[in-house]
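What follows is a short report on a single structure.
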Amino acid sequence: MSLTDFAFAPIPPQAEALRDEVRRFLEREMANIPALVRADSWLGYDADFSRRLGEAGLVGITLPKRFGGREGGAFARYVVSEELLAAGAPVSAHWIADRQSAPLLMHYGTPAQQERYIPGIARGETFFCIGMSEPNSGSDLASIGSRATPAPDGKGWVLNGRKIWTTNGHRSHYMIALVRTAGREDDRHGGMSQFVIDLKAPGVTVRPIQDLTGHEHFNEVFFDDVKLDQDSLVGVEGNGWNQVMAELAFERSGPERFLSSMTLLHTLIDEIGTQPDALQSFHIGRIAARLMALRAMSLSVTAELDAGGDPAWAASCVKDIGTALEQELPEIGQLLDTAEPRVNSGSDHAQVLAYLTQLAPSFSLRGGTREILRGILARGLGAR
Amino acid sequence: MRELFEETIERVLSDLVTPELIAEAERGAWPDLLWQAIIDTGLGPAAAPEALGGVGGSWHDSFALIRAAGRHAAPLPLAETIAVNWLLGLAGLDAAQGAASLGTGTGTLSNGHYSGSVADVPWGGSVDDVLVVASGSAPELVLLPRANAQVSQAWNVAREPRDLLIFSDAAPVARAPLPAGSSSEIIAQTGAMIRAAQIAGGLARLLHVATDYANQRVQFGRPIGKFQAIQHQLALLAEQTALASAAAEMAFALSAAGPAPFAIAGAKSVASEAAGQGAAIAHAVLGAIGFTYEHSLHFTTRRLWSWRAEFGSQTYWAQSLGQAMCGAGGTGFWPALTGAMAIDAQETT
Ligand SMILES: Cc1cc2nc3c(=O)[nH]c(=O)nc-3n(C[C@H](O)[C@H](O)[C@H](O)COP(=O)(O)OP(=O)(O)OC[C@H]3O[C@@H](n4cnc5c(N)ncnc54)[C@H](O)[C@@H]3O)c2cc1C
């Protein structure tokens, strides 16, 4: 099979059966949530919503039952995720914990770590953020400088350094950070490790950064002599780079990489009405066609992840095409001339258009930039 | 079944479909040897039921065959014959004996005889039979003997025959009501599906050729594949290939019981757009050598430029899907999309 064969992987009926349950929950819980709030998609933070979702058994779908999970498969998780995204549910509080921290801890964590963190994640009450980027290390993640050194008393570690662009850093309980534990900055992939950091620990300072819309989603996080106990190391010391790369396959292939602009598609279709003209039907049809194809690709990656494969190439492919589609939607809203974008005024559609127009540039930055992904794709093809 | 299909077709096509053979076909020769070899594999009725003279493979299995036909630019109506036999099987009719094609016409049946013109029939002048829909209050699938048609030749950009056939009072080889649940668009839908799969195959070949070339061609002292600009072009070509392949395969998989309208509209729309973008990238990467007749790149790019327009363009299918999706409204959009992609519970068990 060649890299570009995304074998058809239909959602199994048992997983498909979950869809109704999620839709009923959303009908109940989302009735009064306005379009502009839905437009935030997985940036929308609502701790109460996450908790209610957890109560309904819709967080931690793949986690073990003994930790409060559902022991469902990857497809069950997929169905829940995509329904939440399509509805514009405010899932950001628990999203990262559910999507990547929990799988990481289940795979590399000690039983004690799993015991400590997983039940709260499955309840939709414990929130995690990702500490990878630093001021001088964006795409070039291997150049990070934050460093944990063995504590003088021989117990645990002392962390110094700084992370940036940390989504939800100011309202998460924990960060899983990639930091240096050995070697020098120029020792590319060696000597890095992952730690769980309690964001309330002494020496941690979290400072929100306003994004261009005026919202505070991401943060700068400072570490000054932060004491980490021995059990905060995740996985094997020095194996951080490999662990992070495995995590990225989960981060890059999911439906959030092509559904971030769904609220705009919904308001746009309503604005157009049921009798589209030729230009309108073309663009709505073209987007629907691409969404179907992307969803098929993303399901194919899900099947491969589920089977224990390593679909890093395919995940990057889905993310690059998907974020381009998400970014195209505000452009199509503009092209179809449906409304002038409006802030704090105007129709739902005009406000959603304004908001997503501003948000769209971030879609191809977060989780790895377009240029970096295309480099990964080219290398996978054998161009070097 | 799919793996067996793939191995078999790969062996035959990679042995026999040479640039010389394609060039000869472009000059009007029917590739007899190749057709005989394909007949010998028994894959013409690959997706027809065994009881009706077929091999009993699923339509989804035959995706691999048709994509392979596209990848090799096989210059004969292999995809069309497989498709016709699948449709005949759906309608409960025996598989056709020889080469078959299909076309969208506006003709009607009168006293059981067909009259009307069928335009753009792939290899219409060379095949034995042509499948059409006879319109009317109860449309029917009608298999017509090409020998009864007046043929007026035409060719697509790849110089593949796309002939106009005019029938007057022709006695069908076989006829049956449309398969349950299908519309009189069944021919266009099936044609769109096979073209989408062929496009996916053609793009896979372009990706292979362009990547190899980028690793070999040296300029400024290194392989051009080392330049990031070229690498990103290859990445984009791979993305288009993946999109077309995933969309096309999904259309086949969801059409087990007859053409799945949304999946097919989506597949042809995505694949047609990918065809244009992919061909442009491959030509950019190969430079002047790829613009020569001698280099075989054009056998694929000229097919992509043809196939994207056939059995409905990107515009046609996107508009048809867009109409339906706007009809569903903002809240109906997502359920319509997920519903169209859900496989029947019975089929997977
Ligand atoms: C909304 C948002 C949320 C985020 N959330 C998080 C988070 O929670 N946790 C976290 O750790 N990070 C987060 N990030 C950071 C994100 O991972 C980085 O923005 C990303 O990795 C790019 O780094 P950078 O912004 O420093 O850009 P740079 O790496 O400086 O890149 C700038 C430009 O140069 C290009 N470039 C860089 N290197 C190359 C190269 N080798 N070849 C070609 N082009 C190149 C890039 O593609 C880009 O176009 C978030 C970012 C955003 C926008």
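All values below were derived from every heavy atom in this structure, side-chain atoms included, with hydrogens, water molecules and symmetry-related copies excluded. Just so you know, these numbers come straight off a predicted model, no measurement behind them. Note on naming: letters A, B, ... go to the chains in the order of the sequence lines (proteins, then strands), and numbering restarts at 1 for each one.
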Task: For B/L321 against A/A288, the heavy-atom pair lying closest together - done: CD2-CB, 3.9 Å
Open item on the list: How close do B/L243 and A/A293 get, counting heavy atoms only, and between which atoms?
Closed with: CD2-CB, 3.7 Å
Open item on the list: Can you confirm whether B/H295 is buried at NE2, in the sense that more than 12 heavy atoms of other residues, nucleotides or ligands lie under 6.0 Å from that atom?
Closed with: yes
Open item on the list: Between B/R67 and chain A, with a heavy-atom cut-off of 4.5 Å, which part of the residue counts as in contact: side chain, backbone, both or neither?
Closed with: side chain
- [ ] Select, from A/G273, A/A314, A/S300, A/A17, the one with the greatest count of heavy-atom pairs under 4.5 Å involving chain B.
- [x] A/G273
- [ ] Taking the side chain as every heavy atom from C-beta outward, state whether B/T331 and A/H266 have any atom pair closer than 4.5 Å.
- [x] no
Open item on the list: How long is the straight-line distance from CD of B/Q228 back to CZ of A/R374, given to the nearest 0.5 Å?
Closed with: 10.5 Å
Task: Side chain, backbone, both or neither of A/I272 within contact of chain B (heavy atoms, under 4.5 Å) - done: side chain
Task: Separation between CD of B/E239 and CG of A/D320, rounded to the nearest 0.5 Å - done: 4.0 Å
Task: Contacting moiety of A/L268, where chain B heavy atoms sit under 4.5 Å - done: neither
Task: Contact class of B/L236 relative to chain A, heavy atoms under 4.5 angstrom - done: side chain
Open item on the list: Taking side chain as everything from C-beta outward and backbone as N, CA, C, O, which of these in B/Q233 sits under 4.5 Å from a heavy atom of chain A? Side chain, backbone, both or neither.
Closed with: neither
- [ ] Could you have a look at B/N215, B/I224, B/T241 and say which one has the most heavy-atom pairs with chain A under 4.5 angstrom?
- [x] B/N215
Open item on the list: Using a 4.5 angstrom heavy-atom cutoff, name the option from B/A244, B/A235, B/A214, B/A318 with the most pairs to chain A.
Closed with: B/A318
Open item on the list: Heavy-atom cut-off 4.5 Å, strictly under: side chain, backbone, both or neither for B/H60 against chain A?
Closed with: side chain
Task: chain A contact via B/Q323 - which portion, at a heavy-atom distance below 4.5 Å - done: both
Task: Point-to-point distance, once rounded to the nearest 0.5 Å, from CZ of A/F8 to CG of B/L254 - done: 4.5 Å
TODO: Please look at B/S269 and chain A and tell me whether the side chain, the backbone, both or neither of the residue comes under 4.5 angstrom of a heavy atom of that chain.
DONE: side chain
- [ ] Tell me, out of B/H232, B/R222, B/E6, who's got the most heavy-atom pairs with chain A below 4.5 Å.
- [x] B/H232
Task: chain A contacts, top residue of B/G327, B/G266, B/A242 (heavy-atom pairs, under 4.5 Å) - done: B/A242
Open item on the list: Working to the nearest 0.5 angstrom, can you tell me the gap between B/M341 CE and A/M292 CE?
Closed with: 6.0 Å
TODO: May I ask you to name which of B/T211, B/L337, B/I230 has the most heavy-atom pairs under 4.5 Å with chain A?
DONE: B/L337
TODO: Measure distances from A/E82 to the heavy atoms of chain B and classify the residue's part below 4.5 Å as side chain, backbone, both or neither.
DONE: both
Task: Part of B/A238 lying under 4.5 Å from any heavy atom of chain A - done: both
Open item on the list: Please check: side-chain N/O of B/Q319 versus main-chain N/O of A/A278, any donor-acceptor pairing under 3.5 Å?
Closed with: yes
TODO: Counting only heavy atoms closer than 4.5 Å, note whether B/S320 contacts chain A via side chain, backbone, both or neither.
DONE: neither
Task: Region of B/E273 in contact with chain A, defined by heavy-atom distances below 4.5 Å - done: side chain
- [ ] Quick one: closest heavy-atom pair of A/A383 and B/L234, and the distance?
- [x] CB-CD1, 3.8 Å
Task: Donor-acceptor side-chain pairing of B/W334 and A/E83 below 3.5 angstrom - done: yes
TODO: Nearest 0.5 Å please: distance from the CD atom of B/Q231 over to the CD1 atom of A/I376.
DONE: 12.0 Å
Task: Contact class of B/L203 relative to chain A, heavy atoms under 4.5 angstrom - done: neither
Task: Option that, when pairs with chain B are counted at under 4.5 Å, heavy atom only, ranks first among A/E16, A/M297, A/R295, A/E371 - done: A/R295
TODO: Return the option, out of A/L279, A/D270, A/T267, A/L291, with the maximum number of heavy-atom pairs under 4.5 Å with chain B.
DONE: A/D270
TODO: Side-chain contact test, heavy atoms from C-beta onward, threshold under 4.5 Å: evaluate it for B/C326 versus A/T274 and give yes or no.
DONE: no
Open item on the list: Quick check for you: among B/E249, B/M325, B/K268, which has the greatest number of heavy-atom pairs under 4.5 Å with chain A?
Closed with: B/E249
- [ ] Please flag which part of A/R23 lies under 4.5 Å from any non-hydrogen atom of chain B: side chain, backbone, both or neither.
- [x] side chain
Task: Heavy-atom check, side chain of B/S245 versus side chain of A/T4, under 4.5 Å - done: no
Task: Test side-chain contact (heavy atoms from CB on, under 4.5 Å) applied to B/F333 and A/I287, step by step - done: CA-CA 11 Å; B/F333 174 85; A/I287 290 296; 5.5 Å; no
Task: Pairwise distance NE2(B/H208) to OG(A/S2) - rounded to 0.5 angstrom - done: 10.5 Å
Open item on the list: Is B/F227 close to chain A through its backbone or its side chain, or both, or neither, when contacts mean heavy atoms under 4.5 Å?
Closed with: neither
Task: Option in A/P276, A/G375, A/G380, A/C317 with maximal non-hydrogen atom pairs under 4.5 Å from chain B - done: A/P276
- [ ] Heavy atoms only: give me the nearest A/R19-B/T338 pair and the separation to one decimal.
- [x] NH1-CG2, 3.7 Å
